[in-house]
There are 2 protein chains.
Amino acid sequence: MQIVEAAAKLFSEKGFDGTSIDDIAEACGVAPGLIYHYFDSKADILRALIEQKAFLPKMAEILKTPPKATVEETLTELAYAMWEMLEERREMALMMHGEMQRNPEVVKVIGRVIRTGIRLLSEYLNAQKSEGKLRDDLDPEIFVRTFWGAIFESFFAHHKLSPFVRRIPPKRLVQGLVRLLLYGAINPPNQSELKGESKR
Amino acid sequence: MQIVEAAAKLFSEKGFDGTSIDDIAEACGVAPGLIYHYFDSKADILRALIEQKAFLPKMAEILKTPPKATVEETLTELAYAMWEMLEERREMALMMHGEMQRNPEVVKVIGRVIRTGIRLLSEYLNAQKSEGKLRDDLDPEIFVRTFWGAIFESFFAHHKLSPFVRRIPPKRLVQGLVRLLLYGAINPPNQSELKGESKR
DNA sequence: ACTTATTGAGTGAGCGTTCAATCAACAAGG
DNA sequence: CCTTGTTGATTGAACGCTCACTCAATAAGT
């Protein structure tokens with residue numbers, strides 16, 4: 001449906017309220033009245049958009065993928081898959097990001113997606129904890145929210161804050177992020193190890 | 001200036017385009033025409049808002065604070081200060097977050113703030129690297145963007161996604177985040193250490 | 001012939017903004 | 001002390017424009 005595509009793009013650029021039916025019709029090369037042949041209202045377009053470009057099924061799919069041999073590999077793959085999903089639905093993601101401010105429906109949808117992401121990945125992390133691969137004192141929720149947070153932040157900065165904030169290529173982001181979250185920033189050798197222990 | 005306060009709140013709730021002059025006037029208990037006694041236009045209110053509630057000076061101030069004895073303490077303090085700054089300017093932060101979608105001026109301001117944050121904290125991290133306290137292979141930019149990203153994400157979720165996404169108390173967030181980023185999630189003991197080395 | 005797609009004019013509401021009129025406070029002059 | 005003048009604050013009606021939406025008429029497809 002061309003109308004929906006055009007709307008997604010315009011909503012992501014000008015916001016819902018800042019986009020008129022005329023804008024959308026013009027982008028599609030049709031008369032404004034035609035929009036109402038297919039949709040009941042402007043809000044209906046947004047609803048159709050949200051439904052058509054649902055994140056949840058794809059998110060669940062990504063997170064249901066059988067884990068790799070190591071936590072590092074698993075997270076690396078997840079991060080790439082997530083970035084890719086966001087890119088596929090770029091305009092949708094950007095639009096919803098902007099709209100969550102004023103639209104309770106959008107808030108609900110975003111909330112559900114994020115909560116699912118947190119839940120599923122936390123389960124995986126807890127399993128790894130049980131196997132002794134991760135720290136006992138690791139807070140899975142903090143980990144997950146930091147992980148997803150960094151990916152989203154980078155994605156949005158990539159598309160909305162450039163050229164004011166430098167773009168980090170996904171490859172560099174994913175590798176750097178996974179390493180940072182798994183191994184930390186502190187230098188492992190002698191004195192730092194001493195210090196680490198006194199903190200715990 | 002009461003008009004600006006009211007506008008900030010409304011912009012953060014309904015967006016710039018979704019907020020009318022009538023809305024603002026009503027919230028102030030004055031007639032719509034009075035707004036134009038003080039401001040040239042609706043956009044002028046936004047401009048005044050951005051100027052009045054500038055983040056940059058405060059951000060610079062926070063980041064110019066002399067570091068603490070350890071990286072952990074320094075980052076902990078920074079994170080709390082940042083959260084506090086966001087809370088003080090809650091409506092401003094939320095409004096700008098929503099507006100960056102459609103307003104180049106807002107993008108510019110946000111971009112500048114973030115870039116400054118990245119620059120200043122990266123400098124600190126690089127200094128710590130030189131002293132051997134942090135890993136040689138640490139990417140400061142990834143660290144910083146993950147750090148700030150997690151704080152912002154949590155802040156916005158706190159205010160916009162609740163009750164769909166659980167709120168993490170700032171104290172838990174800051175402690176969990178700093179620990180995660182410094183010490184990582186991987187269990188330090190024997191087998192995990194072996195695995196860690198084969199990866200590098 | 002019938003159905004679907006499409007148009008463009010029109011409608012009423014809402015919007016940002018203007019502005020003449022009014023009011024209140026204060027200062028200056030008689 | 002009273003009156004007049006000035007200034008800033010405030011109002012609500014009005015203006016021109018935009019907006020989402022409607023709909024009769026026409027075109028296109030089967």
Under 4.0 Å between a side-chain N or O of [X] and OP1 or OP2 of [N]?
X	N	result
Y36(B)	dT10(D)	no
H37(B)	dT10(D)	no
Y38(B)	dG8(D)	no

Rounded to whole angstroms, how far apart are [atom1] on [X] and [atom2] on [N]?
X	N	atom1	atom2	value
I35(A)	dT7(C)	CD1	C1'	13 Å
K42(A)	dT22(D)	NZ	C1'	17 Å
I45(A)	dC21(D)	CD1	C1'	12 Å
E26(B)	dG14(C)	CD	C1'	14 Å
I21(B)	dT18(C)	CD1	C1'	13 Å
D40(B)	dT18(C)	CG	P	8 Å
D17(A)	dA13(C)	CG	P	20 Å
D44(B)	dT18(C)	CG	P	11 Å

Quiz item: If you pin P32(B) and G33(A) to their nearest nucleotides in DNA chain D, which one's is more 5'?
Solution: P32(B)

Quiz item: How many angstroms lie between atom CG of L75(B) and atom CZ of R179(B), to the nearest 0.5 angstrom?
Solution: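 One gets 13.0 Å once the value is rounded to the nearest 0.5 Å.
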
Quiz item: Choosing from dC15(C), dG12(D), dT17(C), which nucleotide comes nearest the side chain of S20(B)?
Solution: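 Taking heavy atoms from C-beta onward, the closest nucleotide is dC15(C).
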
Quiz prompt | salt_bridge(K58(A), E61(A)) N-O dist < 4.0 Å | solution =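 Looking at E61(A) together with K58(A), the answer is yes, because their closest N to O distance falls below 4.0 Å.
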
Quiz prompt | Heavy-atom side-chain proximity of M96(B) to E99(B) below 4.5 angstrom | solution = no

Quiz item: At under 4.0 Å between heavy atoms, what does L34(B) touch on the DNA or RNA strands: base, sugar-phosphate, or nothing?
Solution: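 Touches a base.
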
Quiz item: What are the two closest non-hydrogen atoms of I186(B) and Y183(A), and how far apart are they?
Solution: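 Heavy atoms of I186(B) and Y183(A) come nearest at CG1-CE2, 3.9 Å.
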
Quiz item: Going through the distances and angles, do E105(A) and R47(A) end up as a salt bridge (charged side-chain N to carboxylate O under 4.0 Å, His left out)?
Solution: CA-CA 9 Å; E105(A) 265 181 272; R47(A) 244 171 255 123; 3.5 Å; yes

